[in-house]
Amino acid sequence: MFMKGLTYLKPGIVSWQSIPKPVLKKPTDVIGKVVTTTICGSDLHILKGDVPETTALAATTGHGVVLGHEAIIEIESVGDAVKNFSKGDVCIVSCITSCGKCYYCKRNLQSHCTGHMEGTSGWVFGHEIDGTQAEYVRVPCADYGLYKVPEGVAYEKLLMLSDAIPTSYEIGILNGEVKEGDSVAVVGLGPVGLSALLTAINKKPKQLIAIDMDENRLDLAKQLGATHIINSTNMPNEEVAKKVQEISKDLEPGRESGVDVAIECVGVPPTFELCEDLIASGGTIANVGVHGAKVDLKLQELWIKNCKITTGLVSTYSIPDLLNQVADGSLDPSPIITHHFKFDEFEKAYQVFKDAKNTKAMKIILTP
């Protein structure tokens, strides 16, 4: 049996091609028909050759590696040991594969799962096994990696719960301990940055400051609920920090200027260093961005501020909470979706996503 899938063959090369349809390998697996999926920045890192283990795997399989780690599926077949799902169930696929029983899973660090035996971490889809950008996908450890779709809720409101929304919520909002009355800065307004802004709103911060160099993204941030926007194009960090200090200086009597939570969503040294400049005493720098270069830690300035720095890789333990928020209408991620494509347009969709500066692409939806 064959299907079509978007496969990574080698750096710079992907192909929408016929490949073997997945089959059940373990009694804890399910096979699902993909009803909608999307593209993530992590897929672009793989495509550039930045993830050597995926490049090495692609050379051994005969068809490359199916990319993608986000999807909504309709279950077609179910392993004998799966307890919570049946054929026909429509489910969100978590981007993290977890056994639910190991040391890390019991501590809500599913991203570090050591019990599923499918790869070296919780991130295996489109990385160490075939992913979700195909007509069908095999989901290991299904009882711990699938979430039933609530009836009557549009898929566009749910697809981002696979990755972008829980990433921003867990690593940005929860790690950052955003609370009512806070001043919060989100630095970088890609899909994850805008997701951080969206998921912060229900915590009722007094100020939500959006910082980016793209006017289109800043406009969207304003529409989604940012109280202040700053276009940082050609501005040194000192000047951006001065603007934030001016915005936050009168938030509470006796409080120093600066933000209570600075959420870094880019993953480059200048934006992390900006967050260090923005933070007020007692605040938290919540790093969400994926960093590939050394960053200067200004400990000589931060030690006296009683501030915290948090980091992390999403574990998706928050999906049930986020599902409830979407179901009751208090959270709607769909405004971040900008483009729609069919599966046979996958290669075009990648070109549009890679050229986001000109296409204004944020999240892209692909359907059969």
Side-chain angles (χ1 to χ4, degrees), residues 22-38 40 42 65-134 136-151 153 155 158-171 174-175 199 312-327:
V23 296
L24 296 170
K25 291 184 176 181
K26 297 180 180 180
T28 50
D29 291 348
V30 304
I31 305 297
K33 180 180 180 181
V34 178
V35 297
T36 184
T37 186
T38 185
C40 177
S42 299
V65 177
V66 176
L67 292 178
H69 48 266
E70 304 161 89
I72 294 175
I73 64 169
E74 181 178 347
I75 295 176
E76 182 181 82
S77 53
V78 181
D80 292 340
V82 175
K83 300 176 182 178
N84 299 328
F85 301 97
S86 304
K87 182 178 179 179
D89 286 344
V90 179
C91 303
I92 299 166
V93 179
S94 166
C95 66
I96 297 297
T97 298
S98 58
C99 71
K101 302 173 184 177
C102 72
Y103 174 89
Y104 290 108
C105 286
K106 290 177 179 178
R107 286 156 179 79
N108 266 349
L109 286 170
Q110 292 87 342
S111 54
H112 295 275
C113 176
T114 57
H116 58 68
M117 306 302 289
E118 292 280 347
T120 58
S121 71
W123 173 37
V124 296
F125 285 123
H127 173 213
E128 296 180 289
I129 66 172
D130 281 337
T132 59
Q133 293 173 8
Y136 293 87
V137 62
R138 179 179 70 91
V139 181
C141 300
D143 279 333
Y144 299 96
L146 292 176
Y147 299 85
K148 290 181 183 178
V149 167
E151 290 187 14
V153 181
Y155 293 165
L158 298 169
L159 177 58
M160 289 174 62
L161 298 192
S162 281
D163 182 3
I165 294 290
T167 293
S168 61
Y169 187 57
E170 293 174 18
I171 312 304
L174 298 183
N175 280 5
T199 52
L313 172 64
V314 66
S315 287
T316 66
Y317 65 82
S318 65
I319 289 179
D321 178 15
L322 293 165
L323 262 175
N324 288 335
Q325 292 182 42
V326 172

Task: Nearest-0.5 Å distance that lies between atom CG in Leu161 and atom OG1 in Thr316 - done: 10.5 Å
Open item on the list: Tell me whether His116 contacts the main-chain N or O of Gly100 through its side chain, where contact means a donor paired with an acceptor under 3.5 Å.
Closed with: no
- [ ] Without swapping roles, check the side chain of Ser111 against the backbone of Gly122 for a donor-acceptor pair under 3.5 Å.
- [x] no
Task: Backbone N/O of Tyr104 and side chain of Gln110: donor-acceptor pair under 3.5 Å - done: no
Task: Side-chain (Glu74) to main-chain (Val35) donor-acceptor, under 3.5 angstrom - done: no
TODO: Using a 4.5 Å cut-off on heavy atoms from C-beta on, say whether the side chain of Phe125 contacts that of Asp163.
DONE: no
Open item on the list: Return the CD1 to OH distance between Ile72 and Tyr155, rounded to the nearest 0.5 Å.
Closed with: 6.5 Å
Task: Test item: Thr28 and Asp143 side chains (from C-beta on) under 4.5 Å apart, heavy atoms - done: no
TODO: Verify side-chain contact (heavy atoms from CB on, under 4.5 Å) between Ile31 and Ser77, making sure each step is shown before the conclusion.
DONE: CA-CA 5 Å; Ile31 305 297; Ser77 53; 3.2 Å; yes
TODO: Would you name the heavy atoms of Ser315 and Glu170 that are closest together and state the gap between them?
DONE: N-OE1, 3.0 Å
TODO: Taking side chain to side chain contact (heavy atoms under 4.5 Å, CB included) as the test, write out the residues that go with Asp321, two or more places apart.
DONE: Tyr169, Gln325
- [ ] Looking only at non-hydrogen atoms, find the nearest pair between Ala142 and Phe85 and report the distance.
- [x] O-CE1, 3.4 Å
- [ ] Only pairs at least two apart or in different chains count here, so list each salt bridge (Lys or Arg N to Asp or Glu O under 4.0 Å) that has a residue in residues 106-133.
- [x] Lys26-Glu118, Glu118-Arg138
Task: Tyr147: which of Ser162, Cys91, Pro320 passes side chain to side chain contact (heavy atoms under 4.5 Å, CB included) - done: Pro320
Open item on the list: Please give me the minimum heavy-atom distance between Pro140 and Ile129, naming the atom from each residue.
Closed with: CG-CD1, 3.8 Å
Open item on the list: Do Ile92 and Leu146 make a side-chain contact, defined as non-hydrogen atoms from C-beta onward lying under 4.5 Å apart?
Closed with: no
Task: Close side-chain approach of Val314 and Pro166, heavy atoms under 4.5 Å - done: yes
TODO: Of all the heavy-atom pairs spanning Trp123 and Ser42, show the shortest one and how long it is.
DONE: CZ2-CB, 4.4 Å
Open item on the list: I need the Ser318 OG to Leu323 CG distance, nearest 0.5 Å.
Closed with: 9.5 Å
Open item on the list: Could you check whether any side-chain N or O of Ser94 sits under 3.5 Å from a backbone N or O of Gly145, counting only pairs where one atom can act as donor and the other as acceptor?
Closed with: no
Task: Distance (rounded to the nearest 0.5 Å) between Tyr144 OH and Thr97 OG1 - done: 13.5 Å
TODO: Drop me the distance from Met160's CE to Cys40's SG, to the nearest 0.5 angstrom.
DONE: 10.0 Å
Task: pair Thr114-Tyr103: side-chain heavy atoms closer than 4.5 Å - done: no
Open item on the list: Test your reading of the model: is there a side-chain donor-acceptor pair from Asp89 to the backbone of Ile75, 3.5 Å cut-off?
Closed with: no
- [ ] Measure the OG-CG distance between Ser98 and Asn108 for me, rounded to the nearest 0.5 Å.
- [x] 9.5 Å
Open item on the list: Donor-acceptor pair, distance only, cut-off 3.5 Å: does the side chain of Asp80 make one with the backbone of Pro27?
Closed with: no
Task: Residue pair Ser86 / Val78: nearest heavy atoms and the distance that separates them - done: C-CG2, 3.9 Å
Task: Shortest non-hydrogen separation from Ala71 to Thr132 and the atoms involved - done: CB-CB, 3.7 Å
Task: Minimum side-chain heavy-atom gap Val326-Leu322 below 4.5 Å - done: no
Task: Thr37 side-chain N/O to Glu70 backbone N/O, donor-acceptor pair under 3.5 Å - done: yes
Task: Note, Val23 side chain near Asp29 side chain (heavy atom, < 4.5 Å) - done: no
